*Asks:* 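Dumping the structure here so I can ask a few things about it.
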Number of protein chains: 2
Amino acid sequence: MLKLTKKADYGLMALKYLAEHPEIIALSAKDVADAYGIPAQLLAKILQQLTKSGLLKSHAGMNGGYALARDARQISAFEVIHAIDGPFFITSCTKGTKGCELTPSCTIKEPLARVNETIAGVLKSISIQDLAEHEQPAKKALEASGLVALTL
Amino acid sequence: MLKLTKKADYGLMALKYLAEHPEIIALSAKDVADAYGIPAQLLAKILQQLTKSGLLKSHAGMNGGYALARDARQISAFEVIHAIDGPFFITSCTKGTKGCELTPSCTIKEPLARVNETIAGVLKSISIQDLAEHEQPAKKALEASGLVALTL
DNA sequence: CAGTATACGACCGTTTCTGTCGGCTTTACA
DNA sequence: TGTAAAGCCGACAGAAACGGTCGTATACTG
């Protein structure tokens with residue numbers, strides 16, 4: 001619970017890897033998979049999803065592979081997770097629009113929805129670039145928290 | 001993904017319900033289950049877990065039931081979730097102490113660990129009391145974000 | 001003693017997640 | 001022009017987690 005799927009993890013790792021090797025025009029799924037010891041075919045599917053979502057650009061054929069569609073600074077962790085795992089809600093009753101299917105008394109969702117937004121905000125503020133720099137992503141998170149707070 | 005389990009939801013709902021009825025000495029699992037349309041036996045197990053974790057006090061026998069072990073202000077959403085779903089990590093490689101089992105190169109975890117702490121901080125700052133007051137828990141979340149930011 | 005409630009463990013059906021397989025298309029390069 | 005390296009896509013199987021039920025034992029009240 002409250003856990004990223006391995007797919008999302010793999011996706012983030014792959015994008016980070018791409019961000020760390022900007023000199024290479026295109027890295028194949030296998031390259032990345034080997035680098036991290038990830039099942040190659042699984043990673044391939046993940047990268048395909050990210051391509052469909054517009055986060056990556058792909059190039060088939062020999063010497064083909066994937067490259068970031070945008071600057072690493074312009075890709076947020078949120079986008080990656082969203083592309084792979086779909087929209088996320090912290091509450092179990094996922095139907096965003098309509099309320100909880102159980103009883104109308106399920107008033108707990110509303111406060112938790114705020115938490116959800118907070119988390120989403122934090123993830124949106126973290127870019128692939130931040131992951132690639134081993135630096136202090138905490139700094140970013142700090143700024144993020146401030147930003148998120150203001151928007152609540 | 002990044003979703004609370006229904007069990008955790010139920011637990012939060014139940015605690016909220018207890019917080020809203022402080023005048024009653026003890027509410028049985030069935031009482032709460034009926035109020036929300038939750039499977040009674042499932043809720044019972046959840047409440048037992050919360051009791052073992054020290055968030056509730058139980059009393060068997062007639063007119064028995066559960067009551068908050070502490071003031072609603074002193075019980076955080078984090079504690080409830082933790083008691084029910086166990087320790088949570090946003091990353092898939094859960095083993096907190098040792099690194100990722102895949103490769104040592106799994107450097108993505110470290111930045112995400114910060115995110116994890118941020119989320120935990122937000123959840124820790126939200127009390128059952130906050131859930132019970134229909135008010136603006138956003139206010140709390142706002143303060144929380146500020147606080148969390150400072151501790152990073 | 002009888003009834004009500006918690007406590008606890010075993011179990012099962014469903015879903016979700018993870019990973020694999022096979023076949024197809026696209027491209028580069030010899 | 002043919003072959004190998006890559007992406008693309010759907011189906012599927014094994015494993016794990018989740019949600020829920022049942023039965024029984026234990027504790028307390030009156």
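Just so we're clear, the structure is a prediction, and the values are computed from it rather than from any experiment.
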*Asks:* Under 4.0 Å, counting only non-hydrogen atoms across every strand here, what does A:Ala44 touch: a base, just sugar-phosphate, or nothing?
*Replies:*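 A:Ala44: no heavy atom of the nucleic acid under 4.0 Å.
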*Asks:* Closest to the B:Lys6 side chain: D:dG7, D:dG20, C:dA7?
*Replies:*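 Nearest listed nucleotide: D:dG20.
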*Asks:* Taking CD1 from A:Ile46 and P from D:dC9, how many angstroms apart are they, rounded to a whole number?
*Replies:*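 Those two atoms, CD1 and P, are 16 Å apart.
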*Asks:* Could you state the atom-to-atom distance from OH of B:Tyr66 to P of D:dA27 in whole Å?
*Replies:*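 Rounded to the whole Å, the gap is 15 Å.
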*Asks:* State which of C:dT20, C:dT6, D:dC9 makes the closest approach to the side chain of A:Gln48.
*Replies:*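 Nearest listed nucleotide: D:dC9.
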*Asks:* Nearest whole angstrom, please: distance from the P of C:dT16 to the CG of A:Leu4.
*Replies:*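 Taking CG of A:Leu4 and P of C:dT16, I get 18 Å after rounding.
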*Asks:* A:Lys7 has an atom NZ; how far is it from atom P of C:dT20, in whole Å?
*Replies:*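 Roughly 13 Å, once rounded to whole Å.
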*Asks:* How close or far is atom P of D:dG7 from atom CD of A:Gln49, stated in whole angstroms?
*Replies:*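 That distance rounds to 15 Å.
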*Asks:* Is it true that B:Glu79 and B:Arg70 have a side-chain N and a carboxylate O under 4.0 angstrom from each other?
*Replies:*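 Looking at B:Glu79 and B:Arg70, the cut-off is met.
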*Asks:* Among D:dC9, C:dG3, C:dT18, which nucleotide sits nearest the side chain of B:Met62?
*Replies:*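 Out of D:dC9, C:dG3, C:dT18, the nucleotide with an atom closest to B:Met62's side chain is C:dG3.
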*Asks:* Establish whether the base of C:dT20 is bridged to the side chain of A:Lys45 by a donor-acceptor pair shorter than 3.5 Å.
*Replies:*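 Side chain to base: pair present.
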*Asks:* Kindly say if A:Thr5 contacts the phosphate of C:dT16, meaning a side-chain N or O under 4.0 Å from OP1 or OP2.
*Replies:*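 No.
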*Asks:* Can you tell me how far P of D:dG10 sits from CG of A:Leu42, to the nearest Å?
*Replies:*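 In whole Å, D:dG10 P and A:Leu42 CG are 16 Å from each other.
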*Asks:* Just to be sure I understand the rule, does A:Ala26 reach a base, reach only the sugar-phosphate, or reach nothing, if contact means heavy atoms closer than 4.0 Å?
*Replies:*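 The residue A:Ala26 makes no contact with any strand.
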*Asks:* Verify the contact: side-chain N or O of B:Asn63 to OP1 or OP2 of C:dT4, cut-off strictly under 4.0 Å; return yes or no.
*Replies:*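 No.
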*Asks:* If you take all heavy atoms of B:Ala33 and B:Leu43, which pair is closest and at what distance?
*Replies:*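 Looking at all heavy atoms of both residues, the shortest contact is N-CD2, 3.5 Å.
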*Asks:* Are A:Tyr10 and C:dG19 close enough that a side-chain N or O sits under 4.0 Å from OP1 or OP2?
*Replies:*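 Result: yes.
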*Asks:* Would a 4.5 Å heavy-atom cut-off, applied to side chains only, mark A:Leu4 and A:Leu12 as touching?
*Replies:*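 Yes, at least one pair of side-chain atoms sits under 4.5 Å.
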*Asks:* Rounded to whole angstroms, how far apart are CD on B:Gln41 and P on C:dA5?
*Replies:*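 Rounded to the whole Å, the gap is 14 Å.
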*Asks:* Distance check: side-chain N/O of B:Thr51 vs OP1/OP2 of C:dT6, anything under 4.0 Å?
*Replies:*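 So the side-chain polar atoms of B:Thr51 never come under 4.0 Å of the phosphate oxygens OP1 or OP2 of C:dT6.
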*Asks:* For residues A:Thr5 and A:Asp9, determine if any side-chain heavy atom of one lies less than 4.5 Å from a side-chain heavy atom of the other.
*Replies:*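 No; the side chains remain at least 4.5 Å from each other.
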*Asks:* Please say whether more than 12 non-hydrogen atoms of neighbouring residues, nucleotides or ligands are located less than 6.0 Å from CD1 in B:Ile24.
*Replies:*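 Yes, the 6.0 Å shell around CD1 holds more than 12 heavy atoms from other groups.
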*Asks:* Take the protein atom CG of A:Leu56 and the nucleotide atom P of D:dA6, then report the distance between them rounded to whole Å.
*Replies:*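 Going from A:Leu56 (CG) to D:dA6 (P), I get 17 Å.
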*Asks:* Please confirm whether the shortest side-chain N or O distance from B:His59 to OP1 or OP2 of C:dT4 is below 4.0 Å.
*Replies:*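 So the side-chain polar atoms of B:His59 never come under 4.0 Å of the phosphate oxygens OP1 or OP2 of C:dT4.
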